[in-house]
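By convention in this document, chain letters (A, B, ...) are assigned in the order of the sequence lines, proteins followed by strands, and residues within each chain are numbered from 1.
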Number of protein chains: 2
Amino acid sequence: MNPTIKDVAQRAGVSVGTVSRVLAKNKTVNEDIRVKVEATIEAIGYRPNILGRSLRLAKTDIIGLVVPDITNPFFAELAKHVEMLASAEGYSVLLANTHDDPEAEKQQIETLLGRLPAGLILVPVSNSLVDGLVAGTRTVTVDRPLSGHALVAVDNRQGGYLAADHLLSLGHRRLGYISGPGTTEVSSERREGFLRRLEAFRQTHAGDYVAPQIVEGHFDYRSGEELGKRLLMQPAATRPTAIATASDQQAIGLLRAAGDMGVRVPNDLSIVGFDDIPLASLVLPRLTTIRQPIDEMARLALDGVLGSHALEEEYKLQPVLMRRGSCAAPSGS
Amino acid sequence: MNPTIKDVAQRAGVSVGTVSRVLAKNKTVNEDIRVKVEATIEAIGYRPNILGRSLRLAKTDIIGLVVPDITNPFFAELAKHVEMLASAEGYSVLLANTHDDPEAEKQQIETLLGRLPAGLILVPVSNSLVDGLVAGTRTVTVDRPLSGHALVAVDNRQGGYLAADHLLSLGHRRLGYISGPGTTEVSSERREGFLRRLEAFRQTHAGDYVAPQIVEGHFDYRSGEELGKRLLMQPAATRPTAIATASDQQAIGLLRAAGDMGVRVPNDLSIVGFDDIPLASLVLPRLTTIRQPIDEMARLALDGVLGSHALEEEYKLQPVLMRRGSCAAPSGS
DNA sequence: TTGTCAATATGAAACGTTTCATCATCCCAC
DNA sequence: GTGGGATGATGAAACGTTTCATATTGACAA
């Protein structure tokens with residue numbers, strides 16, 4: 001088997017306690033001995049057994065990361081940043097997928113907690129608190145709130161607001177909105193922000209105001225495509241000249257629907273997405289979208305989980321509008 | 001703190017050894033006692049401490065998964081399947097990104113090995129063997145080979161062959177090929193397969209044969225776009241009527257380049273990708289591509305790592321051509 | 001010389017399991 | 001009634017650390 005601290009101690013002619021203190025770096029240890037022990041460690045290729053240490057210290061160097069679906073580019077991006085930052089601090093990341101299933105989520109979180117992680121970063125799918133979640137582990141939720149826990153998220157209302165504002169200022173009046181599942185807070189906040197801006201517009205331009213057409217589905221490509229078709233299937237006179245979506249995936253699905261139906265973007269239809277996933281700037285046309293500063297979110301989440309200070313309740317970040325090629329003034333104007 | 005096995009033993013009036021045997025399920029234990037112990041466990045909410053167990057057993061329930069970039073849809077898909085299968089077997093997945101950097105890879109693998117994983121699933125970026133990697137942990141590489149280790153991969157030559165075959169049979173003669181980095185085996189195999197089919201064609205249709213135009217870059221979107229532009233910038237008379245790529249990301253980049261330059265797909269240009277990432281069937285037009293059976297690859301990799309049988313050297317899977325909308329007969333015909 | 005203090009090494013306990021060699025019961029055959 | 005198997009519980013050791021109380025040493029002051 002691998003050499004243990006005992007082997008090092010024996011070979012270096014000191015006690016295991018001393019070796020341990022050498023390992024701990026900051027402890028006071030006689031220089032000569034330190035050198036000898038370090039040489040021995042090098043010589044026999046000793047690597048501390050992390051299990052022994054963790055058992056003794058009753059904590060691990062592991063961060064649990066629970067996401068609905070790692071295949072979703074937004075969460076993949078989150079995972080990448082979390083992993084980068086965590087490994088820079090000597091932590092490893094344990095990945096779990098919930099597939100948007102509350103039952104699976106509960107299961108996953110429970111086995112994760114069983115591994116005594118240093119902290120948990122969670123994108124929750126349900127509001128059902130897992131037993132012991134509150135008590136035990138430092139937990140930060142990302143993107144979606146979970147009562148009783150710190151949340152790192154973008155200001156979704158502001159995001160929806162920006163999308164509507166951009167389209168209105170380009171001159172669009174007949175707007176469509178492709179929403180995410182009505183049950184999720186994220187989704188309703190984005191929609192709310194969108195509607196709030198429209199409402200403000202109505203206050204000042206009552207005559208010019210047109211009620212938006214809203215459809216609702218999932219956050220994924222397919223849903224964007226289907227709902228997009230539904231909105232675009234109308235005669236040109238009533239069909240929206242611009243559509244905002246609750247996710248870039250939806251927006252890309254919508255792009256596809258538009259292409260299928262011969263609706264040109266941005267000439268006949270303007271589109272603004274949400275998230276700014278990497279692909280957003282690679283589709284044709286490049287997608288105008290509301291960017292979530294996901295690197296910043298990862299950093300805050302990890303700081304929250306690893307930091308020793310008390311957890312804030314909410315870290316709301318400001319989304320920003322990325323103007324690209326999928327929006328233009330309506331063709332009539 | 002959490003209740004320990006000692007608490008259970010004490011409360012149930014038995015020894016810790018007995019509780020342990022109850023936990024082990026398959027051991028012989030008196031029925032009454034079993035019931036009482038289980039009740040006690042339930043009553044005080046005892047959860048075995050996994051660190052104590054792992055230390056004693058000198059092994060963990062953790063699978064290390066090392067990929068170049070979790071943001072790449074292909075690896076995200078791999079991670080999803082590995083995680084699903086692993087968690088069904090009671091294992092958790094530790095995720096590490098190497099960013100295609102050999103130094104980072106070495107670092108990541110070393111800290112991973114320090115955690116004594118039950119096995120390692122690795123998409124290697126370099127051929128430098130990590131010390132102790134061979135000796136210690138059951139390791140399976142995926143997608144790319146690493147000498148001395150089991151490999152799960154698609155038959156890349158066959159994939160390239162299929163792509164060329166499809167394009168030839170549609171009537172294309174002036175072919176282009178966008179390759180991945182020449183240094184990677186995966187990339188050269190795909191290209192090789194492509195060229196082999198062309199060579200066979202030349203044998204039988206020497207007069208009809210045109211040498212393919214080959215460009216080389218990275219596997220990502222951007223590279224596909226740039227290299228695509230380079231190929232398409234030629235006058236229509238010499239420009240390829242069909243291009244195969246080494247990845248779907250490249251193909252999607254190429255799609256974008258074509259769109260930018262007013263080259264219509266599939267009318268003016270046929271495209272066939274490689275991988276069949278989820279997005280492939282969602283772009284417009286839907287991408288004809290060489291599919292890697294990634295779920296199967298994940299299953300084989302996990303079986304290899306967890307199974308007790310000796311590791312095979314190679315599991316080569318057969319890729320399959322997915323005919324979708326990005327290919328058509330050349331417009332002249 | 002003795003006492004004191006600082007510096008630093010030591011040994012053992014503790015973390016929570018599993019396992020193995022013992023030990024206690026009980027039942028049955030003779 | 002005794003011997004001997006089964007059956008099943010027990011106690012202790014072991015896994016590899018860290019830490020804490022204790023021991024050792026040397027220097028220096030009184």
Side-chain angles (χ1 to χ4, degrees), chain A residues 1-41 44-62 90 111 113-118 132 136, chain B residues 1-41 44-62 90 111 113-118 132 136:
Chain A
M1 264 321 257
N2 291 328
T4 77
I5 199 174
K6 231 178 268 175
D7 301 325
V8 176
Q10 191 171 341
R11 203 140 181 286
V14 298
S15 75
V16 298
T18 300
V19 178
S20 177
R21 273 160 49 242
V22 171
L23 255 25
K25 289 276 197 292
N26 52 356
K27 294 297 184 64
T28 154
V29 152
N30 179 288
E31 181 65 9
D32 296 348
I33 291 196
R34 213 204 68 221
V35 169
K36 179 160 59 174
V37 168
E38 279 172 349
T40 311
I41 288 177
I44 68 178
Y46 164 74
R47 305 274 302 157
N49 179 310
I50 224 168
L51 292 171
R53 170 180 300 171
S54 294
L55 177 60
R56 177 63 227 254
L57 299 182
K59 65 174 196 188
T60 66
D61 303 352
I62 286 181
T111 80
L113 289 181
R115 298 188 188 279
L116 305 180
Chain B
M1 265 318 258
N2 290 330
T4 79
I5 201 175
K6 231 177 269 175
D7 300 327
V8 176
Q10 190 171 344
R11 202 140 181 286
V14 298
S15 75
V16 298
T18 301
V19 177
S20 178
R21 272 160 52 241
V22 170
L23 254 24
K25 286 276 196 294
N26 52 355
K27 295 297 183 66
T28 155
V29 146
N30 178 289
E31 182 64 12
D32 296 350
I33 291 195
R34 214 205 68 222
V35 169
K36 180 160 56 174
V37 168
E38 280 172 347
T40 311
I41 288 177
I44 68 178
Y46 165 74
R47 305 274 301 158
N49 179 310
I50 225 167
L51 292 171
R53 169 178 303 172
S54 294
L55 178 59
R56 177 63 227 254
L57 266 14
K59 65 174 197 188
T60 66
D61 303 352
I62 286 182
T111 78
L113 288 180
R115 298 188 188 282
L116 304 182

Residue B/L55, side-chain heavy atoms: nucleotide from D/dC15, C/dT17, D/dT17 that is nearest: D/dC15
Gap between atoms NZ and C1', on B/K6 and D/dA12 respectively (whole Å): 12 Å
Euclidean distance, atom CZ of residue B/R34 to atom P of D/dG8 [Å, nearest integer]: 12 Å
Partner set under side-chain contact (heavy atoms from CB on, under 4.5 Å) for A/Q10, not counting sequence neighbours: none
Under 3.5 Å: donor-acceptor pair, side chain of B/S20, backbone of B/V16: no
Sugar-phosphate, base or nothing in reach of B/I33, heavy atoms under 4.0 Å: sugar-phosphate
Spatial distance of atom CG (B/L23) from atom CD1 (B/I41) [nearest 0.5 Å]: 5.0 Å
Residue met sooner reading DNA chain D from 5', once A/I5 and B/V29 are mapped to nucleotides: B/V29
Any side-chain heavy-atom pair of B/V37 and B/V29 under 4.5 Å: no
Nearest-nucleotide pick for A/N49, side chain only, options being C/dT17, D/dG8, D/dT17: D/dT17
Contact nearer the 5' end of DNA chain D, comparing A/L23 with B/L57: B/L57
Touch class at under 4.0 angstrom, heavy-atom based, for B/R47 against every strand present: sugar-phosphate
Contact list for DNA chain C against residues 8-22 of chain A - heavy-atom distance below 4.0 Å: A/V14, A/S15, A/T18, A/R21
Residues which pass side-chain contact (heavy atoms from CB on, under 4.5 Å) with A/K59, listed by chain and number, not counting sequence neighbours: A/L57
Side chain A/T60, main chain A/L116, donor-acceptor under 3.5 Å: yes
